[in-house]
Amino acid sequence: MNNTEIYHDTDIFLEDYKEMNKSFKIFVYSHKPDDPFANVLLPVDFDPKGHYASELYFKKALLNSHLITKDPNEADLFYMPFSIVDMRHDPRIGPEGLQDFIKDYIFNISHKYPYWNRTGGAEHFYVACHSIGRIAMDKVVEAKENSIQVACSSTYFVAGYFPHKDVSMPQIWPKEQDPKKIVSSKRNQLAFFAGQVNSPARAALLKHWRNDTEIFAHFGRLETDDGEEQLSSKFCLHVKGFEVNTARVTDALHYGCVPVILANHYDLPFSDILNWKSFSVVVHYMDIPVLKKILQGINLEEYSWLQSNVLKVRKHFKWNVPPVEYDAFYKAMYELWLRRSSVRVRLSASRGYI
């Protein structure tokens, strides 16, 4: 594969994307505005902000898209529209009651409708951008093993996340507008990082590069917006903290900065479609002591196509209202479309799945 190409196979992706956009259908379990938990089940009527905006943007976009069908018999997949982050902050539910709420929800839809029972929930999906989503299905093992989780914290070693069954969706901090100097910006700084020291990887970065003149590693919050630092840097470091997520990666892309991924065993968003080697650099934790050497070893030609591809993929890591072709919503839907036939069909009550 040519690592200068942003897609694994451009022709196949474009052809499949066209088919997905034309034929893919989602049935959403409906809830009325007067439902006691409407705040958890219905889309928000404002533009979401903050760390978990992706979860809310997805629901808002889907429920207003042409991919929705009111006929469950023509549906490829079924969407359970509860919001993990809203459940966590609802005092009636909270972290302690989240598992019971979902258990009751699935009990209700499996008794009211026939669709859950025919595949053990394998045609169903939900979205979880808060890390508490990893334990959301612990009281419904069938859902944990079969249903598709669209997650923002996606690593091979997180309990409750199953690569290839589940979907990795980017965590995106919404921005008001594009930076004006994204193309013309002079990137005189080699690399940039700002964040708390809350993991071994970040502690190692602090140990080796805190006082370096070319790698700006600031530990703690900057007093000013870090956008200017990212605009003036060639590489922006994504270093795993408490959780694995892509907020800093998508921030780097927003500012036209080549992301450096320092998060081992991370299931990168949209990796079924995007060739991450074409617009990012992946570095193992063990190589933090030689990070500067690795980045300086990327010659001008290699950096030029990395940064050029960053500008090409930025559109895939944005939420729009309404959605725009090839943006984060449509890429997530394409990932779901790829999984539409990956279901296990119940043969009988006494037998398993195939």
Inter- and intrachain pairs under disulfide (SG to SG under 2.5 Å), touching residues 57-150, at least two apart: Cys129-Cys152
Residues 94-109 vs salt bridge (charged side-chain N to carboxylate O under 4.0 Å, His left out), sequence neighbours excluded, gives Asp100-Lys139
Which residues pass the salt bridge (charged side-chain N to carboxylate O under 4.0 Å, His left out) test with Lys60, sequence neighbours left out? Asp47
Do other residues, nucleotides or ligands put more than 12 heavy atoms under 6.0 Å from the OH atom of Tyr113? yes
Closest non-hydrogen atom pair, Phe27 against Ala75: CB-CB, 3.7 Å
Would you mind listing the cluster partners of Tyr255? Hydrophobic ones only (ILVMFWY), side-chain contacts under 4.5 Å, chaining allowed. Leu231
Considering all heavy atoms of both residues, which atom of Asp138 and which atom of Gln99 are nearest to each other, and what is their separation? CB-NE2, 3.6 Å
Distance check, rounded to the nearest 0.5 Å: Leu42 atom CG versus Leu63 atom CG? 8.0 Å
Do the side chains of Lys18 and Glu15 get close enough for a salt bridge, i.e. N-O under 4.0 angstrom? no
Does His31 have its ring centroid less than 6.0 Å away from the ring centroid of Tyr105? yes
First locate atom OH of Tyr126, then atom CD1 of Ile148, and finally report the distance between them rounded to the nearest 0.5 Å. 10.5 Å
Side-chain contact, heavy-atom cut-off 4.5 Å: Glu19 with Trp337? yes
Counting heavy atoms not belonging to Glu301, are there more than 12 under 6.0 Å from its CD? no
Is the distance from the ring center of Tyr326 to that of Tyr330 below 6.0 Å? no
May I ask you to test the Asn108-Lys112 pair for a side-chain heavy-atom distance under 4.5 Å? no
One thing to verify: whether Glu335 and Lys331 come together as a salt bridge, which I'm taking to mean a side-chain N less than 4.0 angstrom from a carboxylate O. no
Is the shortest heavy-atom distance from the side chain of Leu67 to the side chain of Met333 under 4.5 Å? yes
With distance as the sole criterion, is a donor-acceptor pair present between the side chains of Asp327 and Asn320 under 3.5 Å? yes
Restricting to pairs with a member in residues 185-238, which pass disulfide (SG to SG under 2.5 Å), not counting sequence neighbours? Cys236-Cys257
Can you tell me how far the NZ atom of Lys234 sits from the CD atom of Glu214, to the nearest 0.5 Å? 9.0 Å
If we check side-chain hydrogen bond (donor to acceptor under 3.5 Å, both in side chains) with Trp116, which of these qualifies: Glu142, His111, Glu123? Glu142
Search all heavy atoms of Ile182 against all heavy atoms of Gln307 and return the closest pair with its distance. O-NE2, 4.3 Å
Assess whether a salt bridge exists between Asp272 and Arg339, defined as any Lys/Arg side-chain N lying under 4.0 Å from an Asp/Glu carboxylate O. yes
Heavy-atom count around Arg92 CZ within 6.0 Å, excluding the residue itself: above 12? yes
May I ask you to test the Asp90-Val40 pair for a side-chain heavy-atom distance under 4.5 Å? yes
Between Lys181 and Glu228, is there a side-chain N and carboxylate O pair less than 4.0 Å apart? yes
For Lys207, does the NZ atom have more than 12 heavy-atom neighbours from other residues, nucleotides or ligands under 6.0 Å away? no
Could you pull out the closest heavy-atom pair between Gly195 and Arg248, with the gap in Å? CA-NH2, 3.4 Å
Taking the six-membered ring for Trp and the single ring otherwise, decide whether the centroids of Phe58 and Phe329 are under 6.0 Å apart. yes
Answer with yes or no after comparing the ring centroid distance for His316 and Phe279 against a 6.0 Å cut-off, counting only values under it. no
Rounded to the nearest 0.5 Å, what separates atom CG in Leu336 from atom CG in Asp76? 10.5 Å
As a quick check of understanding, evaluate salt bridge (charged side-chain N to carboxylate O under 4.0 Å, His left out) for Asp178 and Lys318, giving each step before the final call. CA-CA 11 Å; Asp178 282 345; Lys318 289 184 177 182; 2.9 Å; yes
State, with a plain yes or no, whether a side-chain heavy atom of Asn275 is found less than 4.5 Å away from one of Ile6. no
Distance col, row Ser83:OG vs His130:NE2, nearest 0.5 angstrom, shows 10.5 Å
Do Thr250 and Trp173 have side-chain atoms, one donor and one acceptor, less than 3.5 Å apart? no
For the atom pair OG (Ser278) and OH (Tyr7), what is the distance rounded to the nearest 0.5 Å? 9.5 Å
Verify the ring-centre separation between Phe37 and Phe82: is it less than 6.0 angstrom? no
Taking the six-membered ring for Trp, are Phe24 and Tyr334 ring centroids under 6.0 Å apart? no
Exercise: identify the closest heavy-atom pair between Leu237 and Ile215: CD1-CG2, 4.3 Å
For this output row, return yes or no: ring centroids of Phe78 and Phe125 closer than 6.0 angstrom. no
Asp71 vs Glu74 side-chain heavy atoms within contact, under 4.5 Å: yes
With sequence neighbours excluded, residues passing side chain to side chain contact (heavy atoms under 4.5 Å, CB included) with Asp166: Gln149, Tyr161, Phe162
